[in-house]
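Residue numbering restarts at 1 for every chain, and letters A, B, ... go by the order of the sequence lines. These numbers come from the heavy atoms of this one structure, side chains and all, not from hydrogens, waters or symmetry mates.
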2 protein chains.
Amino acid sequence: MSTDMSQPGSDQGSSKGFEQHDHAHCVSDGVAALVDYCAAERLKLTPVRQRVAEILLAEHRAMGAYEILDILREEGLGSQPPVAYRALDFLVKNGFAHKVERLNAFVACSHPGATHTPAFLICRSCNKVAEADTSPTKGDLGRAAAAAGFQIEQTVVELEGLCPTCVDAGPASGQA
Amino acid sequence: MSTDMSQPGSDQGSSKGFEQHDHAHCVSDGVAALVDYCAAERLKLTPVRQRVAEILLAEHRAMGAYEILDILREEGLGSQPPVAYRALDFLVKNGFAHKVERLNAFVACSHPGATHTPAFLICRSCNKVAEADTSPTKGDLGRAAAAAGFQIEQTVVELEGLCPTCVDAGPASGQA
DNA sequence: GTCTCGCTGTTATTGTATAACATCACTTTG
DNA sequence: CAAAGTGATGTTATACAATAACAGCGAGAC
Ligand SMILES: [Zn+2]
Ligand SMILES: [Zn+2]
Ligand SMILES: [Zn+2]
Ligand SMILES: [Zn+2]
């Protein structure tokens with residue numbers, strides 16, 4: 001690996017997911033947040049919903065609904081597409097997962113609970129997806145849109161390329 | 001290029017498509033540019049390819065591949081999905097159309113020929129799509145990505161909301 | 001108890017996209 | 001001209017993504 005771990009924890013937040021981190025926390029913290037949220041909001045955290053959250057949290061990459069469904073099926077939690085889509089809809093609606101339009105796939109949210117406008121950095125080599133925060137109304141584009149009278153309601157910002165690790169590995173090699 | 005806006009007061013070129021304009025030019029200029037480009041690049045501008053370009057240019061909205069295919073079928077230009085997808089791939093690859101990931105649909109490019117990084121403003125009410133230009137490497141997000149060592153290769157920026165016309169029409173009414 | 005509401009299970013269908021292969025047309029070259 | 005090569009086309013079939021529709025079950029309300 002020898003990832004140089006530049007800026008240890010310093011400026012992080014914008015590219016969390018590409019950096020080395022204690023990944024066990026990603027899952028446990030995420031699930032804990034989901035449990036708390038559902039308790040507070042009187043929402044039913046069913047086995048399927050929790051399991052899908054765990055599945056997504058376990059990987060910093062976007063997973064297709066059918067890929068998730070395959071896992072659910074193996075575990076006897078469901079076998080038909082609506083099972084997966086309903087759980088994903090629940091998670092997305094409540095801010096614990098996002099859909100990556102570019103990939104027609106879903107990824108766990110990095111800052112669960114709070115409503116926000118995510119942006120994604122997608123590595124085409126190792127398929128990891130990092131979530132960053134955007135301020136769509138700021139920036140040239142947001143200003144131009146506002147000036148033109150366009151009223152932004154939702155944004156899709158997805159950047160595809162090579163993550164630091166895959167860049168270091170060299171353009172030709174890539175990594176699985 | 002530098003198409004005269006028949007409507008004054010909008011100095012923005014970033015939201016072209018929402019503004020009033022001589023729409024006949026959108027089609028004729030676009031096709032002309034495509035003809036020139038293909039001649040210069042020694043590419044075959046086949047009937048299907050040109051017709052698909054015309055279809056897209058005729059509307060400032062994203063069209064699904066199967067919607068385009070329906071038109072081609074009526075005109076005897078093709079009846080199977082690959083016909084439409086191949087033409088669309090050709091146009092996208094050469095910069096005369098873009099895919100709007102959010103809609104799984106395609107839209108004609110506003111500045112054909114030149115390689116650029118488009119952003120889209122999508123009106124959820126009237127379904128018009130305007131193309132704006134972005135500088136992904138600038139802005140907070142681009143800077144954050146660069147700082148994190150992420151190498152951007154392609155960007156998807158799609159803003160959904162209400163266009164000026166539909167905002168003026170009032171939130172409740174909308175317009176077809 | 002029983003009523004209600006939301007989650008589940010399932011069937012079926014629609015929509016989006018591509019693989020694979022044979023054929024055809026044009027162009028290059030001998 | 002003929003042969004070979006290249007790339008577009010036509011077609012079949014299939015994979016992948018998403019939703020509609022409806023029956024049944026279960027926990028909480030009253
Ligand atoms: Zn992690
Ligand atoms: Zn990578
Ligand atoms: Zn126009
Ligand atoms: Zn509109």
Side-chain angles (χ1 to χ4, degrees), chain A residues 34-35 37-39 41-53 55-56 61-94 96-107 122 127 129 156 158, chain B residues 34-35 37-39 41-53 55-56 61-94 96-107 127 156 158:
Chain A
L34 180 58
V35 170
Y37 174 88
C38 289
E41 298 288 325
R42 303 279 186 275
L43 295 171
K44 261 189 173 177
L45 182 55
T46 66
V48 176
R49 289 172 177 178
Q50 179 166 339
R51 185 72 189 104
V52 171
I55 291 169
L56 288 177
R61 97 188 148 84
M63 300 180 71
Y66 282 70
E67 188 182 358
I68 292 168
L69 180 59
D70 286 342
I71 297 175
L72 296 178
R73 186 182 294 119
E74 285 172 11
E75 300 177 354
L77 284 172
S79 62
Q80 304 304 323
V83 173
Y85 280 103
R86 286 196 280 234
L88 288 166
D89 285 348
F90 174 85
L91 294 174
V92 168
K93 196 167 53 177
N94 291 284
F96 288 83
H98 301 290
K99 180 174 183 187
V100 182
E101 298 289 346
R102 178 60 197 273
L103 305 174
N104 290 323
F106 299 83
V107 69
I122 307 165
N127 295 311
V129 174
V156 175
E158 299 172 0
Chain B
L34 179 58
V35 170
Y37 174 87
C38 289
E41 299 288 325
R42 302 281 187 272
L43 295 171
K44 261 188 171 176
L45 182 55
T46 66
V48 176
R49 289 171 176 178
Q50 178 165 341
R51 186 72 189 104
V52 171
I55 291 169
L56 288 178
R61 96 189 148 86
M63 299 180 73
Y66 282 72
E67 187 182 357
I68 292 167
L69 180 59
D70 286 341
I71 297 174
L72 296 178
R73 186 180 295 118
E74 285 172 10
E75 299 176 356
L77 284 171
S79 62
Q80 304 304 323
V83 174
Y85 280 102
R86 286 197 280 234
L88 287 166
D89 286 348
F90 174 85
L91 294 174
V92 169
K93 195 166 53 178
N94 292 286
F96 288 84
H98 301 292
K99 181 174 184 186
V100 181
E101 298 289 346
R102 178 62 196 273
L103 305 175
N104 291 323
F106 300 83
V107 68
N127 295 311
V156 175
E158 300 172 359

How many Å lie between CG on B/Leu103 and C1' on D/dA18, as a whole number? 15 Å
Separation of atom CZ in A/Arg42 from atom C1' in D/dG28, rounded to whole Å: 13 Å
Distances under 3.5 Å between protein N/O atoms and the N/O atoms of nucleotides 8-15 of chain D, please, pair by pair.
{"from": "D/dA8", "atom 1": "OP1", "to": "B/Arg49", "atom 2": "NH1", "distance (Å)": "3.4"}
{"from": "D/dA8", "atom 1": "OP1", "to": "B/Arg49", "atom 2": "NH2", "distance (Å)": "3.1"}
{"from": "D/dA8", "atom 1": "O5'", "to": "B/Arg49", "atom 2": "NH2", "distance (Å)": "3.3"}
{"from": "D/dT9", "atom 1": "OP1", "to": "B/Thr46", "atom 2": "OG1", "distance (Å)": "2.9"}
{"from": "D/dG10", "atom 1": "N7", "to": "B/Arg86", "atom 2": "NH2", "distance (Å)": "2.6"}
{"from": "D/dG10", "atom 1": "O6", "to": "B/Arg86", "atom 2": "NH1", "distance (Å)": "3.2"}

I'd like to check B/Val107 versus B/Lys99 (side-chain heavy atoms, cut-off strictly below 4.5 Å). Are they in contact? no
Any B/Asn104 side-chain N or O less than 4.0 Å from OP1/OP2 of C/dG15: no
Would B/Asp70 and B/Arg73 count as a salt bridge (charged side-chain N to carboxylate O under 4.0 Å, His left out) here? Give the steps. CA-CA 5 Å; B/Asp70 286 341; B/Arg73 186 180 295 118; 3.0 Å; yes
Does a nitrogen or oxygen in the side chain of A/Tyr85 sit under 4.0 Å from OP1 or OP2 of D/dA18? yes
Can you tell me how far P of C/dC7 sits from CG of A/Leu45, to the nearest Å? 11 Å
Any side-chain heavy atom of A/Leu34 within less than 4.5 Å of one from A/Leu91? yes
Atom-to-atom span, CG of B/Leu69 to P of C/dT16 - whole angstrom: 11 Å
Could you tell me how far apart A/Asp89 (CG) and D/dA20 (P) are, to the nearest whole angstrom? 10 Å
Can you measure B/Ile68 atom CD1 to C/dG15 atom C1' for me and round it to whole angstrom units? 14 Å
Return the minimal non-hydrogen interatomic distance between A/Ile68 and A/Leu56, and the atom names on each side. CD1-CD2, 3.8 Å
Spell out, as yes or no, whether a donor-acceptor pair under 3.5 Å connects the side chain of A/Glu158 to the backbone of A/Glu101. yes
Rounding to a whole Å, what distance do you find between A/Glu101:CD and D/dA17:C1'? 12 Å
In whole angstroms, how far is the C1' atom of D/dA18 from the CE atom of A/Met63? 18 Å
Can you sort out the partners of B/Arg49 under salt bridge (Lys or Arg N to Asp or Glu O under 4.0 Å), two or more places apart, ordered by chain and number? none
